[in-house]
Amino acid sequence: MERIFNFSIKRLAEVLRWEVACNGRMYVRAALALSVAVFIMFMFASGNVDGRFVVLTDDGGMDRKAGFAANVFQLAVMAGAFWGSFTLRNRQRRMAFLMLPATRFEKFAAWLIEITVGMMLIALAAIVIADALHFVCSLAIGTNGGLRSVTAAFMEAQFGRVPAFTVATAKGSFSFTISSVYMATMSVWLQSLFMAGFTLRSRLRLLFIALVAFGGVVLGSVLFTMQFAGPARDTSASFAIAVFSALIVINYLITYRWFGRLQLAEQKHGKK
């Protein structure tokens, strides 16, 4: 039986290199297509100011664009889970990938990196390209708030402002740092749920995934709201993070088991 601890960074890198070589052009096309869509949405935040049609770059306009960029980033990660499952359901693609000279865990890790980090990089590249086009249009058309970067606003919204805010509670102040950890945990849980759910053979798997995702988000929201009031005040958010972290591990184990069954099926087919 293959051991998980028989792990080689070199073999993992070779698998990732093979994936990039096979799918690099598709990644570039996806980033360019997504950047056009993001740029169009950025330009929707334009209008007449004092009789002139300008790109809106005031604080309100930039906050809306940064929020849209954040939604695109999150949706890209979710889409990666579906895309990864779809690619492994293609027999020719699956056979080529699973017969690579690497352990099952190394191939699973490479596949997981591809559909998470890879999709994050594609989304980030699309946002940067769309931001460059947005900057050119701002120069050509004019703005109501000066030349500003949507990418910078997006990064500030995600990482720069979070630690600065606190919310008063009966026992002191509640840092928004735990809020960012909670949001990150829920995002990873949703992505892992989509991966695990798509391993089901039922035709109703999409409905099942949607129902579980809705129930989980509602439960997480209730637990997080109880952070500020009720008998579980100041502990419920930490409890929610712990629960959904455990569910993430379970979802990854379910996906890894499915991945292993695919590997065994291809090995048996290759011996025939």
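Within the 4.5 Å cutoff, side-chain heavy atoms of M43 are placed close to those of I141.
Legend: residues meeting side chain to side chain donor-acceptor pair (under 3.5 Å) with R64, ordered by chain and number and at least two apart, are absent. Remark: L12 engages F7, L16, A109, A110, I113 in a side chain to side chain contact (heavy atoms under 4.5 Å, CB included) (not counting sequence neighbours). Scanning for side chain to side chain contact (heavy atoms under 4.5 Å, CB included) contacts around I250 gives L247, I254, with sequence neighbours left out. A search for side chain to side chain donor-acceptor pair (under 3.5 Å) contacts involving R17 returns E14, not counting sequence neighbours. Applying the side chain to side chain donor-acceptor pair (under 3.5 Å) rule to T185 yields no partners; only residues at least two apart in sequence or on another chain are considered. For S221, there are no side chain to side chain donor-acceptor pair (under 3.5 Å) partners at least two apart in sequence or on another chain.
Screening residues 146-155 for salt bridge (Lys or Arg N to Asp or Glu O under 4.0 Å), with sequence neighbours left out, gives D59-R148. Pairs passing the side-chain hydrogen bond (donor to acceptor under 3.5 Å, both in side chains) check and including a residue from residues 206-220, sequence neighbours excluded, do not occur. Applying the side-chain hydrogen bond (donor to acceptor under 3.5 Å, both in side chains) test to pairs two or more places apart or on separate chains, none has a residue in residues 207-216. The stretch residues 217-226 participates, sequence neighbours left out, in no salt bridge (Lys or Arg N to Asp or Glu O under 4.0 Å) pair at all.
At most 12 non-hydrogen atoms from other residues, nucleotides or ligands lie less than 6.0 angstrom from CE of M183.
At a threshold of 4.5 Å between side-chain heavy atoms, the hydrophobic network of Ile, Leu, Val, Met, Phe, Trp and Tyr places L207 and M195 in two separate groups. Residues F244 and L253 do not share a hydrophobic cluster, defined by chaining ILVMFWY side chains whose heavy atoms lie under 4.5 Å apart. In the hydrophobic clustering of this structure, L219 groups with W189; members are Ile, Leu, Val, Met, Phe, Trp, Tyr whose side-chain heavy atoms approach within less than 4.5 Å, directly or through other members.
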*Show the numbers, then the answer: is there a side-chain hydrogen bond (donor to acceptor under 3.5 Å, both in side chains) between S8 and E106?*
CA-CA 7 Å; S8 169; E106 288 160 357; 4.8 Å; no
*Under the side-chain contact (heavy atoms from CB on, under 4.5 Å) criterion, do F154 and F73 qualify, and how do the steps go?*
CA-CA 10 Å; F154 163 70; F73 190 81; 4.1 Å; yes
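Taking each heavy atom of V217 and L190 in turn, the nearest pair found is CG2-CD2, 4.3 Å.
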Could you go through residues 119-138 and list every donor-acceptor pair under 3.5 Å that involves a side-chain atom there, pairing it with any protein atom two or more places apart or in another chain?
| residue | atom | partner | partner atom | Å |
| --- | --- | --- | --- | --- |
| D131 | OD1 | V150 | N | 3.0 |
| D131 | OD2 | S149 | OG | 2.7 |
| D131 | OD2 | V150 | N | 3.4 |
| D131 | OD2 | T151 | N | 3.1 |
| D131 | OD2 | T151 | OG1 | 2.9 |
| H134 | NE2 | K65 | NZ | 2.7 |
| S138 | OG | H134 | O | 2.8 |

Identify all side-chain donor-acceptor contacts of residues 20-41 below 3.5 Å with residues at least two apart in sequence or on another chain.
| residue | atom | partner | partner atom | Å |
| --- | --- | --- | --- | --- |
| N23 | ND2 | E19 | O | 3.4 |
| N23 | ND2 | E114 | OE2 | 3.3 |
| Y27 | OH | E114 | OE2 | 2.1 |
| S35 | OG | A31 | O | 3.3 |
| S35 | OG | L32 | O | 2.6 |

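A donor-acceptor pair is defined here as one N or O able to donate and one able to accept, closer than 3.5 Å; such a pair exists between the side chain of Y182 and the backbone of G220.
Below 30°, between 30° and 60°, or above 60°: for W111 and W258 the angle between ring planes is between 30° and 60°, a tilted geometry.
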